[in-house]
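Chain letters run A, B, ... following the sequence lines, proteins first, then strands; residues in each count from 1.
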Amino acid sequence: MRLSRSFIPTMKETPAEAQIASHRLMLRAGLVRQTAAGIYAWLPIGYRVLRNIEQIVREEQDAAGAQELLMPTIQSADLWRESGRYEDYGKEMLRIKDRHDRDMLYGPTNEEVISDLFRQSVKSYREMPQILYHIQWKFRDEVRPRFGVMRGREFLMKDAYSFDMDHAGAVVSYRKMMLAYMRTFQRLGLKAIPMVADTGPIGGDLSHEFIILAPTGESQVYYDAAFEEVDYGTSGTGGFNYADAGDLHRFFELMTTNYAATDEKHDEAKWATIAPERKREGRGIEVGHIFYFGTRYTKPLGVTVAGPDGKPVHPEMGSYGVGVSRLVGAVIEASHDEAGIIWPDAIAPFKAAILNLKRGDAACDGLCEQIYARFGSSALYDDREDRAGVKFADADLMGHPWQVVVGPRGAAAGKVELKRRATGERVEVTPEEAIARIG
RNA sequence: CGGGGCGUGGCGCAGCCUGGUUAGCGCGCGUGUUUUGGGUACACGAGGCCGCCGGUUCGAAUCCGGCCGCCCCGACCA
């Protein structure tokens, strides 16, 4: 994309409403604009990042055997009356009426809808187990939205739902999702720690929050330093196989034997047994949450599946959420400096920015066009008629992993400067070498 | 939802208390010159229903009332 023709409104000054780094940088770098309290429009480069994250989440869900579908944003109140949550959910649920005065709502979550879909179609244990997910916009009418997209009212969420014949099966599904989550966060360049968590309004007795550490996190967290060395393998190549219950068990043990809890579940007695030099505490941002809740919905909604003996069984469920839009902010909280964002390669809006320091100079223009042609839409070509300083500042602000700096001095000798955003390291190389190193 | 605060060109703000000629400043934007590897300098210029409605007054950005929106602290939360 050519910056001269793009819609990327960067700002030199920080809008007064933005308090924390990610919010500030998302506004300044032109990723989002607020349209109402806690509601944001995603501008081109912000949307690219959002889709990149979404895609990684999707790939890891698919790898774990979950199937993607798409449920609506608007739901009928009737289903929620069936589960008993219509009255319970409170004012966070946005309730609306259609023209016939029917009670509708903008979904804050989808247990009812997925259970309804499931009960309509799955009748036999032979079709079990199932894990279904979707990536959809949700709305929760938070009393006090803040921190930009980290705590918005409208947000993009991946939510998965597992259905198993019994508790043992549900535990296997739960572990699969835990593994998928750790791989997802690892690919996003985040170090996430699963912590025992409250089950909240959804209910249940087995639940973990996935926390990434950041000074602006909303909760205080405590964990054993052993987590910092845990190796759980990378996607597809790691030592754990989704099809092997033994692997899943080993993985789960690895993730849950070391102490890790948020303040709500913090256990001072257990904490006291940990060696002082291994104690770690700080602030954390919740980026995912998984629950096992058994028959909480399948019973009231009358969901049954025939078992091998022909008798009806209420499936055991779990649900698994990842805050996709929140992750954009969370990644920035975990990866930025005074100059701007530092995107991990996996989710950057562009692999590289090409900075033409002197538009109109034949050598600069030629080299830039040559490099840009090799990357096409995966690079951002700063071809604006602006000063070098402006381009450096914007490139740092937007956080492209690589910057290819093409100035008249080097260009005359057929050289460009390659800068790595994360380290600040710069090297003078040929255009071919720059292209090769960016990959 | 309790407490506090703010709405003035795209962004950041001053002006309001002590109503009074064309509502200012910085950044950004446009044109020209200048500069040419880290947000250059100068000149000229465009751009504002002073959140909305009502009231007081000869006169309201400024005073009064109502409403709306947004932000911060707390409680709450993917």
**Prompt:** H266(A) vs Y222(A) aromatic rings, parallel, tilted or perpendicular, using cut-offs 30° and 60°?
**Reply:** parallel
**Message:** Using atom C1' in both nucleotides, what's the gap between G28(B) and G19(B) to the nearest angstrom?
**Reply:** 33 Å
**Complete:** Checking G37(B), C11(B), C72(B) against the side chain of E13(A) (C-beta onward), the nearest is C11(B)
**Prompt:** Given atom CG of L397(A) and atom P of C11(B), what is their separation to the nearest angstrom?
**Reply:** 17 Å
**Request:** Using the C1' atom as the reference point in each nucleotide, state the distance between A61(B) and C1(B) in Å, no decimals.
**Result:** 33 Å
**Request:** Would you mind telling me which of C27(B), U36(B), C70(B) lies closest to the side-chain atoms of R387(A)?
**Result:** U36(B)
**Message:** Between F210(A) and F185(A) (judged by ring centroids, cut-off 6.0 Å), do the two rings come close enough to count as a pair?
**Reply:** yes
**Asked** Which nucleotide in the list G37(B), C72(B), C76(B) gets nearest to the side chain of E142(A)?
**Response** C76(B)
**Item:** Whole angstrom value for the distance that separates P of C72(B) from CZ of R151(A)
**Value:** 11 Å
**Message:** Between G47(B) and C53(B), how far apart are the two P atoms, rounded to whole Å?
**Reply:** 23 Å
**Prompt:** To the nearest angstrom, how far is K415(A) atom NZ from G37(B) atom P?
**Reply:** 19 Å
**Asked** Of all the nucleotides listed (G74(B), C77(B), C70(B)), which has the minimum atom distance to the side chain of A36(A)?
**Response** C70(B)
**Complete:** The single option from R283(A), R146(A), R326(A) that satisfies salt bridge (charged side-chain N to carboxylate O under 4.0 Å, His left out) with E218(A) is R326(A)
**Asked** Given C71(B), is OP1 or OP2 found less than 4.0 Å from the side-chain N or O atoms of Q34(A)?
**Response** yes
**Request:** Can you tell me, in whole Å, how much space there is between the P of U33(B) and that of G51(B)?
**Result:** 40 Å
**Request:** Grab the CG-C1' distance between D337(A) and G38(B) for me, whole Å please.
**Result:** 14 Å
**Request:** With C1' as the reference atom in both, quote the distance from G7(B) to C11(B) in angstrom, rounded to an integer.
**Result:** 15 Å
**Item:** Closest listed nucleotide, where the reference is the side chain of R409(A) and the choices are G37(B), C76(B), G39(B)
**Value:** G37(B)
**Nearest-neighbour nucleotide for the K12(A) side chain, C70(B), G38(B), G28(B) considered** = G28(B)
**Asked** Which nucleotide, G38(B), G74(B), C11(B), lies nearest any side-chain atom of R146(A)?
**Response** G74(B)
**Request:** Can you tell me the distance, in whole Å, between the CG atom of D394(A) and the C1' atom of G39(B)?
**Result:** 8 Å
**Asked** Can you tell me if Q186(A) and R183(A) form a side-chain donor-acceptor pair at under 3.5 Å?
**Response** no
**Message:** Using the side-chain heavy atoms of Q19(A), tell me which of these nucleotides is nearest: G37(B), C72(B), C70(B).
**Reply:** C72(B)
**Fill in**
Winner on side-chain proximity to E17(A), out of G39(B), G12(B), G37(B), is G12(B)
